[in-house]
Amino acid sequence: MATLLIILGLLASFLDTTESQIGVSYGMFGNNLPSETDVISLYNSNDIRLMRLYFPNQAALQALRGSNIEVMVGVQNSELSYVAASRNNSFDWVWRNIVTYSDVKFRYISVGNEVNPSDGTLAPLVYIALTNIREAVVFYGLGNQIKVSTAIDTTLIGANYPPSQGAFKAEVRAYIDPIIAFLVANNAPLLVNVFPYFSYVDNPVDISLAYATFTSPGIVVQDGALGYQNLFDAIVDVVYSALEKAGGPWVEIVVSETGWPSAGASAATFNNARTYLRNMVAHARWGTPKRPGRAIQTYLFSMFDENNKEPQIEKNFGLFYPNQTTKYNLYFN
């Protein structure tokens, strides 16, 4: 009996660490969205425990007070120049948007989102902003609670097939290498926006819909001893391989966005979106071939259809309609 209780306890612990890895991005580009208070209630009623907030919206932060939702909050690209300009500015940003909300469970600060390394204005600011924000977080005694990182997209990858050959483009190394060194030094993850949808529609000849939506009946890509049955795993492991080659072999990846549109372009259908999202939620707990058994913390994109986004396809990534009814009946955790 004692042995059984120990096993059940270990199983419960395992489930707790693997089933609480699905979050949802809270986008606000709509003129018909519910109030921030109603949105937080919707997260809670659907057992969504992780939220990505793209900027420190004060109404949303007020509504999050005292909740059990863990938050990734963003320093917007438009704010990079401010927080990179001086230590005082970064301390001010962290005080106003983090320290003031001591009863909000902050998990990550994402300093910039998909900054283009060729952008001569923004790209040089990211590393400086990272270090400034991290210094402020540590100063306020939050260094063990909050990890500071930045979110990239997969256009920074050059070699991408097979996954073991993944590598960052030579021309982005001057940008990404210092960021990786920062992540290594601070034991922080790299935030990566991963969209098999776009990989599929860009190359439907070589990539099957089944491979992109987790429905392939068997291995599609054999890479040495590792077999890949879905494109999501392949993309994540490509980035892991790139990190290994750039001095970050132990840097974890947090998938800061993934999703599938339900309308607006090729293969953007309700059924495809539902299939991808349901399978994504079920799959996240198991890890990738390169990191088996290690749950992939993943933020689904996005909470609502956002009617003010452009182009048309960007309006249709929501998991819920603006009236708060569910589109796909997902069981998040």
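Quick note: residue numbers are just sequence positions, from 1.
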Donor + acceptor pair across side chains of [X], [Y] (<3.5 Å):
X	Y	answer
Ser118	Asn116	yes
Ser164	Asp223	yes
Thr325	Asn323	yes

Test item: [X] and [Y] side chains (from C-beta on) under 4.5 Å apart, heavy atoms:
X	Y	result
Asp237	Pro289	yes
Phe29	Phe304	no
Lys105	Asn68	yes
Phe198	Asn203	no
Tyr161	Val221	yes
Val255	Val192	no
Thr100	Trp95	yes
Tyr321	Lys327	yes

Assess the residue pair Ser41 and Asp38 against the criterion (side chain to side chain donor-acceptor pair (under 3.5 Å)); give the C-alpha distance rounded to whole Å, side-chain angles, the decisive distance to 0.1 Å, and a yes or no. CA-CA 5 Å; Ser41 296; Asp38 286 344; 5.2 Å; no

Test Asn186 against Lys147 for side-chain contact (heavy atoms from CB on, under 4.5 Å), laying out the working first. CA-CA 8 Å; Asn186 293 288; Lys147 298 296 184 182; over 6 Å; no

Keeping [X] on the side-chain end and [Y] on the backbone end, is there a donor-acceptor pair under 3.5 Å?
X	Y	result
Thr37	Ser35	no
Asn160	Gly166	no
Gln229	Ser216	yes
Ser266	Val201	no
Asn46	Leu42	yes
Lys169	Gly158	no
Asp153	Glu114	no
Asn97	Trp93	yes
Arg107	Ile146	no
Asp119	Val115	no

For [X] and [Y], work out which heavy atoms get closest and say how close.
X	Y	value
Glu306	Gly27	OE1-C, 3.2 Å
Val172	Leu156	CG2-O, 3.7 Å
Thr213	Thr275	O-CG2, 3.8 Å
Val24	Ser302	CG1-C, 4.0 Å
Ala212	Pro196	O-CB, 3.9 Å
Tyr328	Ala273	OH-CB, 3.3 Å

Verify the cluster assignment for [X] and [Y]: are they in a single hydrophobic cluster under the rule of side-chain heavy atoms below 4.5 Å apart?
X	Y	value
Ile128	Val126	no
Ile98	Val138	no
Ile152	Ile180	yes
Leu319	Ile313	yes
Val184	Leu130	yes

Find the distance between [atom1] ([X]) and [atom2] ([Y]) and round it off to the nearest 0.5 Å.
X	Y	atom1	atom2	answer
Ile296	Ile253	CD1	CD1	9.0 Å
Thr298	Ile22	OG1	CD1	5.0 Å
Arg49	Ser67	CZ	OG	13.0 Å
Met72	Tyr299	CE	OH	4.0 Å
Ile179	Ile176	CD1	CD1	4.5 Å
Ile48	Glu70	CD1	CD	14.0 Å

Within 45° of the six-membered ring axis of Phe168 and under 6.0 Å from that ring's centre, is NZ or CZ of Lys245 located there?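 No.
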
Is it possible for you to check whether Arg291 lies under 6.0 Å from the centre of the six-membered ring of Tyr240, through NZ or CZ, and within 45° of that ring's axis?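 Pair Arg291/Tyr240 counts as cation-pi.
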
Could you please spell out the steps behind the side-chain contact (heavy atoms from CB on, under 4.5 Å) verdict for Tyr26 and Arg52? CA-CA 6 Å; Tyr26 177 13; Arg52 182 178 182 186; over 6 Å; no

The test is side-chain contact (heavy atoms from CB on, under 4.5 Å); show your working for Tyr228 and Ile219 and say whether it passes. CA-CA 5 Å; Tyr228 289 86; Ile219 299 299; 5.7 Å; no

When the ring planes of [X] and [Y] are compared, do they come out parallel, tilted or perpendicular, using 30° and 60° as the limits?
X	Y	answer
Trp260	Tyr197	perpendicular
Phe317	Phe195	perpendicular
Tyr276	Phe214	tilted
Phe301	Tyr54	perpendicular

Can you pull the salt bridge (charged side-chain N to carboxylate O under 4.0 Å, His left out) pairs that have at least one residue in residues 122-136, sequence neighbours excluded? Arg87-Glu135

Starting from the C-alpha separation in whole Å, work towards a yes-or-no answer on side chain to side chain donor-acceptor pair (under 3.5 Å) for Asn113 and Asn193. CA-CA 9 Å; Asn113 181 54; Asn193 299 338; 3.3 Å; yes

Contacts of Asp92 that satisfy salt bridge (charged side-chain N to carboxylate O under 4.0 Å, His left out) - sequence neighbours left out: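 Listed in chain order: Arg96.
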
Are Arg65 and Asp103 close enough for a salt bridge, meaning some N to O gap below 4.0 Å? yes

Please indicate whether [X] has more than 12 foreign heavy atoms, meaning atoms of other residues, nucleotides or ligands, lying under 6.0 Å from its [atom1].
X	atom1	value
Asn144	CG	no
Tyr82	OH	yes
Tyr331	OH	no

Does Met303 form a side-chain contact (heavy atoms from CB on, under 4.5 Å) with Ser25? I'd like the steps, not just the answer. CA-CA 6 Å; Met303 194 65 174; Ser25 300; over 6 Å; no

